[in-house]
Structure formats: C-alpha cells, structure tokens
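Structure first, then comments.
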Amino acid sequence: VAARVDPHATRSSGSNSGTLLQLATWRRANPGERGRGDRVHPAVDALATTLSSADGLERAVLSALCAALARNEDSFAIQTATAAMAAAQDWRLRLESFAASTPASKLRHGSDGIPPDGAAVERLAVAYSLLREAAAESASTAAAADAGNLSVPHSVAANAAAETPARAWEAWQHASGRMNVALGIPPGDG
C-alpha cells in the first residue's frame, strides 16, 4: 500500500496558496476553522476522509487476504481479490495525485462570488466515481474470497489494520456517503 494522506498535513495550511490535498487535510485537522475565510466546495471537506477510508479499506482487505492465504483458502479467489484491491488502490492514488497537483484556489469560491472551477470539480467527481466503483469491486471480491470478516493474527501481519474488511467497508461507506452528498450524487447511485 503506497502513499497516505497524513504526511501532507505537516505542510498544509488554510491559505489559498497550497494544493487541494493540503487544504482538505488542513480543514479535516482544523474543523473549527472551516467557517472562517473563503468558502470552499463541499467536496473539500469530504476529500481527506474519503482518501483515508479508502486507504484503510485497502489495508484491511490486503491483511485479510494474507490471512486467507495463510489458511490455504481458494488461491484463485484471493488472486482476483488482490487484483481488485490493487485497482482500487490505483484509483485512490490517482484521486490523491489529482488533489496534490490541483491548486486549492480551484475549489474555493471567489471573493466576488465566483463559484469554484467547474472543470476541476468535474475531474474530482470523475476520479472519485472511479475510485468508488473500484472500492466496491475490491470489497465484493474480498468477501467472495472468504476474507470479508477475517480477523488478522499478528503472526500474519504484524502491522495489520485493527479492523476487518467489513468494518473498513462501513467506514468507507460513511466517507463515500459524505462525498456523494458533497458532489450532488443522488442516494442509491453508489
């Protein structure tokens, strides 16, 4: 599992000069400051949690798949689930890369009332939608590999996630629901 959102927090600020990822991370860490300064697109406040929960889902699925492999479960199902988890990770990293390379100003309302950049919001929505589809496939194939509710023994993965893929899926669903609302995606569309 590659890059995480947390390292960006130390370089984050609430200023207009950083990246979308820095702004989202800063706003997550400083919820009391959200009402001050420029208004932002609602997706900014859902982004850091969405990325973190996707990362948590990846870690839980990977750890559970390791445990399933150690128990000599169906290796084809595990390979399928591993490929689906890798695809979800790829889309999370693409969304994170987009957020890390997009100026925060693109998702802020202008002081003169100009809304956030529509093209930037659309790119964010597309990347998120592809991540959402890949995460659902990852969770589904992990369940098919009988890894959805496995607890991971420390002997299999010493730094394993403390939660099962099923619990990580619940966290993802909550974060994903917030992002759906922020992007105006109707309930039931994901």
Residues forming a salt bridge (Lys or Arg N to Asp or Glu O under 4.0 Å) with Asp117, sequence neighbours excluded: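 For Asp117, the residues satisfying salt bridge (Lys or Arg N to Asp or Glu O under 4.0 Å) (neighbours in sequence not counted) are Lys106.
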Partners passing salt bridge (Lys or Arg N to Asp or Glu O under 4.0 Å) against Arg123 (at least two apart in sequence or in another chain):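 Arg123: no salt bridge (Lys or Arg N to Asp or Glu O under 4.0 Å) contacts found.
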Treat each ILVMFWY residue as a node, draw an edge where side-chain heavy atoms are under 4.5 Å apart, and state whether Val126 and Val181 are in one component.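 No; tracing contacts between hydrophobic side chains, which count when under 4.5 Å, never links both residues.
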Polar side-chain atom of [X] near backbone of [Y] as donor-acceptor pair, under 3.5 Å:
X	Y	answer
Glu133	Leu130	no
Ser53	Thr50	yes
Arg178	Asp45	yes
Ser101	Phe98	yes
Ser97	Leu93	no
Tyr128	Ser176	yes

Set of side-chain contact (heavy atoms from CB on, under 4.5 Å) partners for [X], sequence neighbours left out:
X	answer
Pro42	Ala182
Ala77	Asp74, Ala145
Asn30	Trp26, Glu33

Which value, rounded to the nearest 0.5 Å, describes the distance between [X] atom [atom1] and [Y] atom [atom2]?
X	Y	atom1	atom2	answer
Leu69	Ile78	CG	CD1	4.5 Å
Gln89	Arg59	CD	CZ	9.0 Å
Leu57	Glu170	CG	CD	11.5 Å
Thr102	Leu21	OG1	CG	9.5 Å
Gln173	Asn180	CD	CG	8.5 Å

What I'd like to find out is whether the side chain of Leu124 reaches to under 4.5 Å of the side chain of Leu107, using heavy atoms alone.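 Yes. Closest side-chain heavy atoms under 4.5 Å.
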Name every donor-acceptor pair, under 3.5 Å, that has one atom in a side chain of residues 135-142 and the other anywhere in the protein, sequence neighbours excluded.
unit_1	atom_1	unit_2	atom_2	d
Thr141	OG1	Glu137	O	3.0
Thr141	OG1	Ser138	O	3.1

Before you tell me yes or no, could you show the steps for Leu23 and Val40 under side chain to side chain contact (heavy atoms under 4.5 Å, CB included), namely the whole-Å CA-CA distance, both residues' side-chain angles and the distance that decides it to 0.1 Å? CA-CA 10 Å; Leu23 178 62; Val40 298; 3.9 Å; yes
Kindly determine whether Arg39 and Arg108 satisfy side chain to side chain contact (heavy atoms under 4.5 Å, CB included), including the steps that lead there. CA-CA 6 Å; Arg39 287 185 1 180; Arg108 288 187 183 272; over 6 Å; no
Go through the steps to decide whether Leu47 and Leu51 satisfy the test side chain to side chain contact (heavy atoms under 4.5 Å, CB included), and finish with yes or no. CA-CA 6 Å; Leu47 181 61; Leu51 290 169; 4.0 Å; yes
If you look at every heavy atom in Arg92 and Glu58, which pair is closest and at what distance?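 Of all heavy-atom pairs spanning Arg92 and Glu58, the closest is NE-OE2, 2.6 Å.
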Nearest heavy-atom neighbours spanning Leu183 and Ala43: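 Closest approach of Leu183 to Ala43: CD2-CB, 3.9 Å.
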If you apply the rule side chain to side chain contact (heavy atoms under 4.5 Å, CB included), what do you find for Trp91 with Arg132, and how did you get there? CA-CA 9 Å; Trp91 284 112; Arg132 187 182 65 191; over 6 Å; no
Take atom NE2 in His109; do more than 12 heavy atoms of anything else shown fall under 6.0 Å from it?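 Check passes, neighbour count above 12.
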